[in-house]
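Report on the following structure.
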Amino acid sequence: KQEVTQIPAALSVPEGENLVLNCSFTDSAIYNLQWFRQDPGKGLTSLLLIQSSQREQTSGRLNASLDKSSGRSTLYIAASQPGDSATYLCAVNTGTASKLTFGTGTRLQVTL
Amino acid sequence: DTAVSQTPKYLVTQMGNDKSIKCEQNLGHDTMYWYKQDSKKFLKIMFSYNNKELIINETVPNRFSPKSPDKAHLNLHINSLELGDSAVYFCASRGANVLTFGAGSRLTVL
């Protein structure tokens with residue numbers, strides 16, 4: 001059974017800092033891994049999708065890496081802004097039906 | 001235009017009642033999902049339908065019954081509501097291996 005863990009559970013940083021969010025999963029037989037953002041009271045917004053054959057994906061100030069063999073992914077956020085404050089979730093796809101197993105989330109607060 | 005829309009956004013009801021949450025997607029996707037997010041913010045899959053056929057059915061009580069009248073709609077009906085059913089229920093659809101989520105329906109059972 002796939003289990004996904006995210007560390008840290010919560011993080012507070014001043015504006016402008018670069019930061020790294022961590023995600024680990026127990027079963028390395030994955031199809032892809034997806035990072036989401038969830039704002040309070042809102043749905044999930046997909047940020048980045050990394051296929052199992054890829055090592056990283058970039059979108060603007062976000063860079064996600066994947067090390068499938070060690071069961072790890074990181075989300076790097078450069079030059080953080082208050083608007084980045086949200087909960088970040090990683091989700092692992094381990095089946096052809098895109099059955100996503102979600103991590104526990106990292107709640108990020110970027111302060112002025 | 002909202003890609004994945006759920007109604008209602010909020011639902012407050014008494015224990016024992018039956019309620020439904022509706023979901024519609026206008027993305028042309030074949031596969032739709034229901035996820036439950038509990039009070040600890042943990043998201044867990046409940047059901048998935050592909051072109052109106054059930055393909056994922058996690059360990060969910062029989063009181064929960066999904067219905068897909070067509071591939072653009074996936075509704076969730078819950079019978080005999082219990083306190084533990086209080087959560088936010090998210091609908092999602094899949095295209096090109098990317099899931100698009102609705103805004104969620106917050107169910108509160110009193």
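Just so it is clear: chains get the letters A, B, ... in the order the sequence lines come, proteins before strands, and each one is counted from 1.
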* Less than 6.0 Å separating the ring centroids of Phe47(B) and Phe64(B)? -> no
Suppose we call two aromatic rings close when their centres sit under 6.0 Å apart. Are Tyr49(B) and Tyr33(B) close by that rule? no
query: Ignoring hydrogens and geometry, is there a side-chain-to-backbone donor-acceptor pair from Ser80(A) to Glu17(A) under 3.5 Å?
result: yes
Pair count under 4.5 Å, heavy atoms only, with chain A: among Gln6(B), Lys9(B), Glu58(B), highest is Glu58(B)
Smallest separation among heavy atoms of [X] and [Y], with atom names:
| X | Y | value |
| --- | --- | --- |
| Lys36(B) | Met46(B) | CB-SD, 3.7 Å |
| Lys68(A) | Phe25(A) | O-CE1, 4.1 Å |
| Cys90(A) | Val4(A) | SG-CG1, 3.5 Å |

The interface call for Leu44(A) against chain B, heavy-atom contacts under 4.5 Å, is both
Among residues 102-110 of chain B, those lying within the under-4.5 Å heavy-atom range of chain A are Gly102(B), Ala103(B)
- Task: In plain terms, say whether Lys44(B) and Asp38(B) are close enough for a salt bridge, that is, a side-chain N and a carboxylate O under 4.0 Å apart.
- Result: no
